[in-house]
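To start, the structure itself, in structure tokens.
Both backbone and side-chain heavy atoms feed into the values below; hydrogens, waters and symmetry mates do not. Note that ligands are numbered from 1 as they come in the structure, with each ligand's atoms numbered from 1 the same way.
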Amino acid sequence: MQQEIHRRLRALPAVHEVLSRLEDDIEFSPFMTNERWLPRMTQCVRQVLQSARENINRSLADSYEEFEASLWTSLRDKLLKKLTSTEYNLQRVINATGVVLHTNCGRALLAPEVARFVSEQAERYSNLELNIQTGERGSRYVHVEELLCRLTGAEAAMVVNNNAAAVLLMMNTFAQGKEVIVSRGELVEVGGSFRIPEVLKAGGARLVEVGATNKTWRKDYEAAIGPDTALLLKVHTSNYRVEGFTHAVTGAELVELGEERGLPVMEDLGSGSFFDGASLGFPTEPTIKQAVKSGLSLVTFSGDKLLGGPQAGIIVGKRVFVERLRANQLTRALRVDKLTLAALEGTLRLYENGEIEDIPVWRMLSAPLDTLHKAASELVMALQANQKIAAELKEDVSQVGGGAWPTVGLPTWVCAIRPAEGNVIELEEFLRLGPVAILSRIHKDRVLIDVRTLLSGDSEEIVLRLGQWGK
Ligand SMILES: *Cc1c(COP(=O)(O)O)cnc(C)c1O
């Protein structure tokens with residue numbers, strides 16, 4: 001056996017042999033044989049030879065004669081397939097975790113009609129910075145500013161790369177070399193190393209902490225105001241809750257204090273939402289509109305959290321402040337591209353037209369329990385024929401994700417599966433490493449498929465993949 005393996009390994013051609021034989025064998029276009037292609041071709045040859053070596057080590061199914069006879073055609077076909085197919089690093093995954101704003105999976109999904117609009121904008125020229133009426137240069141922000149103002153009630157709006165950039169820009173514009181007062185209960189860290197103290201520092205501002213972790217009062221802010229104070233900052237404690245014996249100063253109360261002392265008050269709303277989640281059973285939090293109405297100078301929030309749009313940092317508020325942001329050189333470095341603006345305009349228009357159920361984030365968050373029950377039952381039923389898997393319907397909870405409503409569990413229905421042989425760790429990995437990665441959740445001795453975050457066709461692919469388990 002060992003001898004046979006060595007014999008076959010020796011029969012494999014060297015890289016340069018494959019390359020020269022390819023030239024005789026295949027008619028390449030002039031483009032493909034040029035210098036730019038040689039490195040890629042060489043890499044592909046190496047990969048194909050490597051996988052051929054592994055195959056030989058794994059199995060000696062055919063006779064040596066068969067192996068030798070088909071060796072070249074098999075290498076060549078694999079090579080051509082590799083050369084002509086595009087294997088992207090970014091791949092679609094099936095999110096069966098039930099976490100709606102899954103940061104590792106790209107946070108918010110765009111509505112299909114918004115995605116179509118983005119694709120159209122990507123393939124065609126546009127009036128991105130053109131005023132069609134006058135034929136002169138225009139601003140890229142006008143396409144969303146009016147919409148944002150209408151939806152939030154603000155005087156002015158602008159958009160940057162993400163909410164972290166929005167806060168950085170705000171600090172750099174209004175507090176460079178000066179002090180910013182923040183409650184100790186609001187010194188947030190969000191995933192991906194965004195920390196309020198550090199962002200302030202990066203923007204050139206000095207942080208002045210006031211109050212205690214659980215309680216901060218108006219008088220704490222008042223006592224901290226000095227000649228170097230640039231502004232008062234409120235930060236949404238997105239991904240954690242201070243509960244029990246607590247007190248925080250509301251945005252409106254801070255605005256009152258700011259007015260008395262002639263200081264602007266700004267708020268990082270984190271996720272921020274256009275409508276009150278209370279109608280869906282979420283804890284009541286001020287909407288963006290309410291935050292604006294309370295008189296804050298500027299309010300910032302993310303585009304791809306509860307808004308359900310593209311990654312972006314949205315800043316709304318009083319015109320004088322927005323204009324100063326625009327004049328900052330950093331704005332150019334943090335500016336959004338046309339695809340982001342297209343995705344944002346598309347999403348904002350859905351809000352304006354009241355088509356909120358078309359926004360995937362809200363559709364998933366508000367999915368009725370009986371719809372989820374039906375989808376999970378169907379999945380369980382479809383798996384009944386699979387002898388190697390035991391599937392049952394279970395109640396569970398999904399999460400919002402993205403640091404929004406961290407303590408809220410959304411009641412859901414899941415398809416809980418257990419392998420007849422093998423363990424759940426292996427089964428979770430098997431799902432993740434399939435042709436399309438399927439992300440699930442392990443709970444106790446089950447792999448859970450939460451149907452809340454599945455899209456059309458996903459269930460079928462999950463059933464297909466599970467059909468391969470143990471084969
Ligand atoms: C999420 C979040 C951020 C960062 O927003 P990105 O859009 O991810 O940059 C900043 N502040 C708060 C309070 C957040 O919740």
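Of the protein's non-hydrogen atoms, the one nearest atom 15 (O) of ligand 1 is S238 OG, 2.4 Å. For atom 14 (C) of ligand 1, the nearest non-hydrogen atom of the protein is K305 NZ, 3.0 Å. Of all protein heavy atoms, the one lying nearest to atom 9 (O) of ligand 1 is A164 N, 2.9 Å.
Atoms of ligand 1 lying under 4.0 Å from any heavy atom of H236, numbered from 1 in the order shown and given with element: 13 (C). Shown in contact with G270 at under 4.0 Å from a heavy atom are these atoms of ligand 1, numbered in order with element: 12 (C), 13 (C), 14 (C), 15 (O). Interface of S302 with ligand 1, defined as ligand atoms under 4.0 Å from a residue heavy atom, comprises 5 (O), 6 (P), 7 (O). Close approach of ligand 1 to D268 is summarised as follows: ligand atoms under 4.0 Å from at least one heavy atom of the residue are 10 (C), 11 (N), 12 (C), 13 (C).
Judged purely by distance below 3.5 Å, without hydrogens or angles, the side chains of E186 and H236 never pair a donor atom with an acceptor atom.
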Salt bridge (Lys or Arg N to Asp or Glu O under 4.0 Å) between R124 and E120, intermediate numbers included: CA-CA 6 Å; R124 299 276 170 160; E120 187 189 293; over 6 Å; no

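The backbone N or O of D304 lies less than 3.5 Å from no partner atom in the side chain of S302, so there is not a single donor-acceptor pair. At distances below 3.5 Å, at least one donor-acceptor pair connects side-chain atoms of K234 with backbone N or O atoms of V249. H143 places a side-chain N or O within 3.5 Å of a backbone atom of L128 that can act as its donor or acceptor partner.
Both the sub-6.0 Å distance and the 45° axial angle are satisfied by R465 relative to the ring of F430. Both tests hold for K215 against F245: distance to the six-membered ring centre under 6.0 Å, angle to the ring axis within 45°.
When non-hydrogen atoms are compared, ligand 1 lies under 4.0 Å from the backbone of N163 as well as from its side chain.
At least one heavy atom of R107 sits closer than 4.0 Å to an atom of ligand 1.
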